[in-house]
Protein chains: 2
Amino acid sequence: MEIERRRGTPTADELRVWREYVETGERIRSAMAGAMQRRTGISSGDYAVLLALSEAEGRRLRSSALADAAHWERSRLSHHLPRMERRGLIRREDCATDDRGAEVVLSAEGLRVFRQASAAHFGLIRELFVDALTPEGLAQAHEVSAALSEHLRAR
Amino acid sequence: MEIERRRGTPTADELRVWREYVETGERIRSAMAGAMQRRTGISSGDYAVLLALSEAEGRRLRSSALADAAHWERSRLSHHLPRMERRGLIRREDCATDDRGAEVVLSAEGLRVFRQASAAHFGLIRELFVDALTPEGLAQAHEVSAALSEHLRAR
DNA sequence: GACGCGTGATTGACGCGTCAATCAACAGAC
DNA sequence: GTCTGTTGATTGACGCGTCAATCACGCGTC
């Protein structure tokens, strides 16, 4: 019966599509990360932080706000920021209104690197993703992602 | 802010689909990894190694063959195997025909864990992926992955 | 003003991944 | 036999990510 069948092991076809989906995604992310590193010297993580800061009021954010903006755990940020600070991309300042808090500030160098990285990032999105797909393909990618995403959300 | 379309710069729509694609993929992988860890106590990496070994002749492989089967770098394997050995999932033996080589052998415990993990793995593929998609959605996922994959290959 | 609790942020331990360097053993040329 | 270059595999340094524990401050209550 159908309900019963749906609960079982995926078919060979379904498994094949799953594997394709996962492996392709992995290769694309890895290609993106590698090319960003080579072309601009920063990682995807760095880029996410720089992006969030560049869009913030005064190019500065409380570190928890930064974590929220990038969908990161705070502890991940606490590990990552010292590495970026060491390279002069950001600096941390004490928060005026809350002595517990820290503010993360985009440095001039960080802004410069970010602008450069953005161009590379957009170029790579086109090279790796957009150029690979027809307009219908892009629409399909949207539908598939939306379906998967909605299913995850509703879980 | 005026958005001037330049060669190489994706449109807002294209960017949105890209972001959806990447973020959804990330969430699915992370959900898979987390659930596997919780339900079976092993990571995706462990699973890949156990899978390759379980399919091998005599449930043993030269470590380079194992690396190839899992599409891993050898050094990654060299770091990973001691962790798995410590937990009794595999053991390493000297290779009879080549004194440089090592053979990785699936232990009885490793096989037991693998069988259990396989069931969980298949179940999760259905829960996270197959159940989210209609048959047409599955076909679309295949087409999109194939197009992206082919584009990457041809790059 | 002292106590208790929630919250902002960091730390340490550990797993995971890549890269470059290393080391040991093989294989062919001489 | 011994060079020489190649191959199988490991190591160390470092970046990255999560989890649990911790520290420091803010704030309401008494």
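Order of the sequence lines fixes the chain letters, A, B, ..., with proteins taken first and strands second; residue numbering starts at 1 for each chain.
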Distance check: side-chain N/O of [X] vs OP1/OP2 of [N], anything under 4.0 Å?
X: A:R83; N: D:dG17; answer: no
X: B:S75; N: D:dT10; answer: no
X: A:R62; N: C:dG8; answer: no
X: A:S64; N: C:dT7; answer: no

Could you go through A:D46 and A:R87, starting from their C-alpha distance and side-chain angles, then the distance that decides it, and tell me whether this counts as salt bridge (charged side-chain N to carboxylate O under 4.0 Å, His left out)? CA-CA 11 Å; A:D46 296 332; A:R87 288 181 291 150; 2.9 Å; yes
Would you mind classifying the nucleic acid contact of [X] as base, sugar-phosphate or nothing, using non-hydrogen atoms under 4.0 angstrom?
X: A:S78; result: base
X: B:R87; result: nothing
X: A:H80; result: sugar-phosphate
X: B:G101; result: sugar-phosphate

Starting at CD1 of A:I42, measure out to CE of A:M84 and round the result to the nearest 0.5 Å. 7.0 Å
Find the distance B:E93:CD to D:dA9:C1' and express it as a whole number of Å. 17 Å
Can you tell which of [options] lies closest to the side chain of [X]?
X: B:S43; options: C:dG12, C:dC16, D:dC25; result: C:dC16
X: A:H79; options: C:dT18, D:dT18, D:dT10; result: D:dT18
X: B:R100; options: C:dT18, D:dT10, C:dA24; result: C:dA24

Pair B:E103-B:L61, side chain to side chain contact (heavy atoms under 4.5 Å, CB included): steps then yes or no: CA-CA 5 Å; B:E103 284 202 317; B:L61 280 174; over 6 Å; no
A:R91/A:E93 ion pair, N-O < 4.0 Å: yes
My understanding is that a pair needs two contacts under 3.5 Å, Watson-Crick or G-U wobble. By that rule, which nucleotide pairs with C:dT10? D:dA21
